[in-house]
Each structure stands twice: as structure tokens, then as C-alpha cells.
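Okay, so here's the structure we're looking at.
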Amino acid sequence: TNCLTMAWRLFKNLSEEQQRYEKQLIFEHPAFVKLCQQLLRDARRMTRGDLVFSLHAVVHLGVPQNTLLVQTLVRVCQEKLNQLDNRCISVLATTLAGMDKDKNVSALQAGLQLLVEQRISSIRDIFILQNLMKCLGKDAPVFLKKKLEMAVLREIDGLTFPNALRMFLALAAMNYCSLPILNACSKKIQENVHDAPFRQLILVLEACHTLQYRNVNLFSALAGYVNSTAYLWDKRQIFLFLSACETLGFQPTELLEIFTEKVTEDPEFLNLKNLLIVLRVYSRLNYVPRVQKHLFFETLHSCLNKCLPQISSTELLKAVYSLGILGYLPHHALDVLLQKDSKDELILSDDLKEQNAVMLRCVKTCMELDSPSFTKPAFVLTENSSSLVSLNLRKAQEALTELLGGENMFRQNVRLPYKYHIDFEIRMDSDRKKVLPIVAADDHPDSRVQRLAFLFAPMSAFCLGTTHPQGKLAMKKRHLNKLGYHVILIQSKKFQEMTKEDAVEFLKGKIYSEDAVSFPEATVQDNN
């Protein structure tokens with residue numbers, strides 16, 4: 001056991017390439033074969049500690065799971081399960097967490113679960129509890145997950161920084177979002193973020209995504225640390241961090257700006273796979289660089305052109321769609337895309353057909369509305385889709401009715417060209433002092449009438465913890481501006497939490513405030 005454990009300790013500190021080489025040498029060594037044979041003979045006579053550590057070592061050294069040696073050790077562990085102390089249970093749990101499910105492994109895991117249910121009140125070590133959580137996984141019964149949660153909370157005052165990092169992964173393995181534990185771990189990580197290995201930061205963000213846990217303070221602390229030490233990390237590391245942030249809808253502004261500079265300095269990093277991820281990150285988070293905006297987009301455009309010979313139809317559509325969301329039209333790539341569309345090369349299997357159709361429609365809308373030659377129409381043909389409003393908009397309807405003096409002062413569920421839709425429309429005089437009744441406004445379809453579009457959007461349509469719209473919503477707002485609307489974005493959840501009086505005052509401020517209805521900053525294409 002000591003020999004195998006020492007071999008594993010040496011082995012795990014090697015690089016991936018070294019591990020492949022050393023693994024071959026170990027397996028071909030005659031002494032290793034004898035060692036395994038002796039282990040097979042003596043398995044049932046070993047102490048409980050030697051047994052579980054031997055299984056742990058051979059599994060992690062890469063001995064195939066279907067071999068007689070591994071299967072024998074698993075069966076003996078099952079026979080001696082009740083003899084294992086808490087430390088041995090922890091080692092066994094760690095081993096099982098990394099093994100594939102087969103008949104013997106599943107039986108041992110089921111036995112371990114029963115044992116944990118009996119002993120959980122006696123386990124005081126958070127590290128052991130974490131290993132058990134990883135082993136039992138998402139299939140553990142809810143009552144056992146709650147027992148593990150309570151056991152951790154009993155010991156939470158002794159939480160260390162490494163345990164706080166590992167706890168995110170343990171909860172993610174169980175797919176169990178315990179807010180008291182996560183909040184305690186988040187606080188500990190924020191206090192010690194400068195001691196965190198980079199890989200652990202990525203794993204924490206991925207765990208937050210799995211658990212649907214959103215903590216702006218935690219994400220800001222992690223992003224601030226990576227931002228302040230950006231000179232230590234290569235482009236690939238920052239790229240991975242940004243990608244993890246994108247899945248959470250979190251926009252680390254300063255880090256995006258730093259990455260922009262790194263990409264423009266060395267665009268060779270952007271192979272096809274990386275380019276598509278960069279485009280996805282920037283478009284979803286609706287981030288247009290402040291300093292090197294045009295150089296950045298030209299760099300992405302150039303990289304996309306280089307990839308055109310080997311890019312698939314769907315990948316090309318995604319790339320052009322992402323750039324379109326940001327207001328940039330990559331002309332050469334657009335030409336290639338439209339040629340593919342004319343040949344029906346973008347029509348794929350049913351599960352992608354609708355998604356591709358939506359993206360293609362958005363691209364064609366961007367080609368028209370974001371073109372430098374597009375001019376704001378004097379009149380936009382609209383229609384009411386329904387006089388009924390959804391439940392989550394009823395409060396807004398009532399507030400507007402009270403504020404404006406009747407339902408004839410606004411329109412609801414308005415359909416626009418390009419398949420756009422707005423929740424409410426209000427028309428005002430040119431000085432924006434007076435709201436016009438809808439009938440009277442229709443008699444003056446000219447530039448003197450100011451049109452306000454209200455869009456009520458879910459929190460998920462904004463970057464986390466901000467009122468900054470994510471890509472699709474930002475594109476819609478930009479296009480409605482092009483059609484002559486002043487757009488007012490409102491977060492539905494926050495509006496629903498207001499009292500009726502506060503809702504009326506809130507809408508009043510939005511309608512009559514100069515800032516609330518000003519046009520957004522110029523897009524990339526406006527400045528082309």
C-alpha cells in the first residue's frame with residue numbers, strides 16, 4: 001500500500017505528457033505486475049486503511065476498472081464496509097466519485113449511502129463531508145442532501161479557505177444549492193481571493209452556473225483579482241475566465257478591455273474555436289470596447305475571413321449573428337453566408353432549423369437597419385396583436401391608465417416590422433410635454449410626434465447586477481431607435497415589487513425625463 005500510494009503521489013504532480021510516459025513505464029515494469037498480484041492475493045487480509053488506500057492508488061494510477069484487481073478490491077470494500085472509520089469512508093468516497101458506474105461500484109455506493117445515513121451525526125470534518133457529497137452525487141435522496149447540509153452548517157465556523165473552494169464543487173456534484181453554505185463560502189473566498197489558484201477560480205464559476213447561484217460580490221471579487229494580476233496570466237487563461245463569466249451573464253468590464261488589447265496585439269491566438277467563443281462572450285454581454293473599438297472589430301473580421309475556407313455553415317451563421325448583435329457587419333462573411341442561404345445550406349435537422357432561421361432573420365434585419373444608408377422612416381406601420389396583456393404586464397397597464405387618464409392614451413402589444421414587438425407605446429408632442437391620445441397621434445404621422453416604446457424584460461435579459469442589457473435586448477433597442485422610437489427598458493421583477501403608487505411615479509419619471517428616453521451611444525456601424 002505504501003509503495004502504491006507513494007507512486008500515486010509522485011505521479012499526480014507530473015504534467016499530463018509526463019504522466020502518459022510514466023504510466024507506460026509503471027505498467028510495463030515487472031515489479032508492478034508482482035505488486036498487483038500480491039495485492040490481489042492479500043486483499044481480504046489487509047487492514048481497512050490499507051484496503052481503501054490501495055484501491056484509491058490503483059484507480060488513480062490508471063489501472064483499468066474492469067480488471068480483476070480493481071473489481072476484487074471493490075468487492076472486498078463492500079464486505080468490510082461496516083468496519084471502515086470516517087477517514088476510510090472519506091478516501092473510499094473520493095475513489096468512487098472518479099469511477100464509472102458498474103454493478104460492483106453501484107452496489108458499493110449504495111452501501112456507502114446507507115452507512116453515511118447512520119453515521120452522519122458523528123462526522124465533524126468538513127473535508128470528509130465534502131468527499132461524501134461528491135461521491136453520493138446528484139442521485140442522493142433529498143433528505144440525505146439536507147442531512148449533509150446540516151452537518152456542514154454545524155462546522156461552518158471552522159471553514160478554511162481551501163474547504164470553501166472545494167465546497168462549491170461538492171455542492172455542484174450533488175446539484176444542491178444551499179444558500180447558507182454558499183454565502184459563507186463566498187465570504188471566505190472574497191477575503192482570501194489572492195491565494196486562489198487560477199484553475200479553482202474557473203471551477204467556482206462553473207459550479208455557480210450549475211447551482212444557478214448568482215452572487216455579484218463574489219464574481220466582482222474574482223474578476224477584480226484576475227484584472228489586478230492580468231500580467232501574470234496568458235490570453236488563454238483570461239479567455240477561459242471570461243467564458244465562465246459569460247455563462248453567468250456577468251460582465252467584467254475592465255477585464256474585457258484588457259483582453260481586447262491582448263487580442264489586437266496578438267490575433268494569432270484566435271483560431272476558429274476561440275474566435276467563436278470570443279464572439280459569443282462579447283455579443284451576449286453586449287460589450288463594445290471603449291478604446292480600440294474599430295481595431296478590435298477589424299481584427300475579429302480578419303480572423304473570420306481567414307477561417308472561411310474551413311468554417312461550417314452553422315458556425316458561420318453564429319459568427320455573423322454575434323457580430324450583428326454588436327452592430328458590426330462583416331461584409332465578406334455576409335456574402336458567403338447569403339450564398340449558402342440561397343443554396344439552402346443553412347437548413348439542417350429539425351432541432352437546429354428553427355434556431356438557424358431566427359439567427360438568419362436577425363442577420364438580415366441587421367443588414368438593413370444597421371446599414372449606413374438606412375434612414376429613419378417618417379412613419380412605421382404597426383398593428384395591435386391583442387387587447388389583452390399578460391399577467392406580468394397588468395400592473396403596468398393599470399399604472400399607465402391611472403397616470404395618463406385612460407387606455408386611449410397608449411397602445412399595448414404592438415407589432416412592428418421585422419417581427420419586433422413592444423409591450424406599450426406612447427406618443428407625445430415634439431416638446432415631450434404632453435401625451436397625445438392614440439387617435440389624435442395617428443392623424444399626425446410625422447417627425448413632430450415623439451414615440452416611446454416600453455419594453456418589460458426579465459432580469460436574465462440584463463447583465464448580472466446591472467441595468468445593462470445583454471446582446472439580444474440591446475440589439476432590439478438599437479433597432480427600435482433606428483425605427484424612430486425612444487426605448488425605455490424596465491426590469492419586470494423590480495417593477496412587480498413596487499407598490500401601485502410607486503409604479504405610477506416610476507413610469508411618470510420615465511415618460512417625462514429627458515435622460516430616460518435619450519438615444520443610446522453610437523454603434524460601431526454608425527461610425528463606419
Shortest non-hydrogen contact between Lys145 and Asn175, atoms and distance
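Shortest heavy-atom separation between Lys145 and Asn175 comes out as NZ-O, 4.4 Å.
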
Supply the atom-to-atom distance [X] [atom1] to [Y] [atom2], rounded to the nearest 0.5 angstrom.
| X | Y | atom1 | atom2 | result |
| --- | --- | --- | --- | --- |
| Cys177 | Arg214 | SG | CZ | 9.5 Å |
| Lys187 | Asn192 | NZ | CG | 12.0 Å |
| Leu295 | Glu265 | CG | CD | 9.5 Å |
| Glu246 | Leu256 | CD | CG | 10.5 Å |

Verify whether one side chain among [X] and [Y] offers a donor that lies under 3.5 Å from an acceptor in the other.
| X | Y | answer |
| --- | --- | --- |
| Gln113 | Gln109 | no |
| Tyr287 | Thr260 | no |
| Tyr328 | His301 | yes |
| Tyr213 | Asn183 | yes |
| Gln251 | Asn286 | no |
| Gln78 | Asn104 | no |

Quick one, Leu232 with Thr229, criterion side chain to side chain contact (heavy atoms under 4.5 Å, CB included). Give me CA distance, side-chain angles, the key distance, then yes/no.
CA-CA 6 Å; Leu232 295 174; Thr229 56; 3.8 Å; yes

Check whether the ring centres of Phe462 and His468 lie less than 6.0 Å apart, and answer yes or no.
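When the ring centroids of Phe462 and His468 are compared, they turn out to be at least 6.0 Å apart.
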
Verify the neighbour count for atom NZ of Lys262: are there more than 12 heavy atoms of other residues, nucleotides or ligands below 6.0 Å?
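Result for NZ/Lys262: enclosed.
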
With Ser54, which of Asp42, Thr1, Asn2 fulfils side-chain hydrogen bond (donor to acceptor under 3.5 Å, both in side chains)?
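For Ser54, the side-chain hydrogen bond (donor to acceptor under 3.5 Å, both in side chains) test succeeds with only one of Asp42, Thr1, Asn2, which is Thr1.
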
Parallel under 30°, tilted from 30 to 60°, perpendicular over 60°: which one fits the rings of Phe269 and Phe239?
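If you compare the ring of Phe269 with that of Phe239, the planes turn out perpendicular.
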
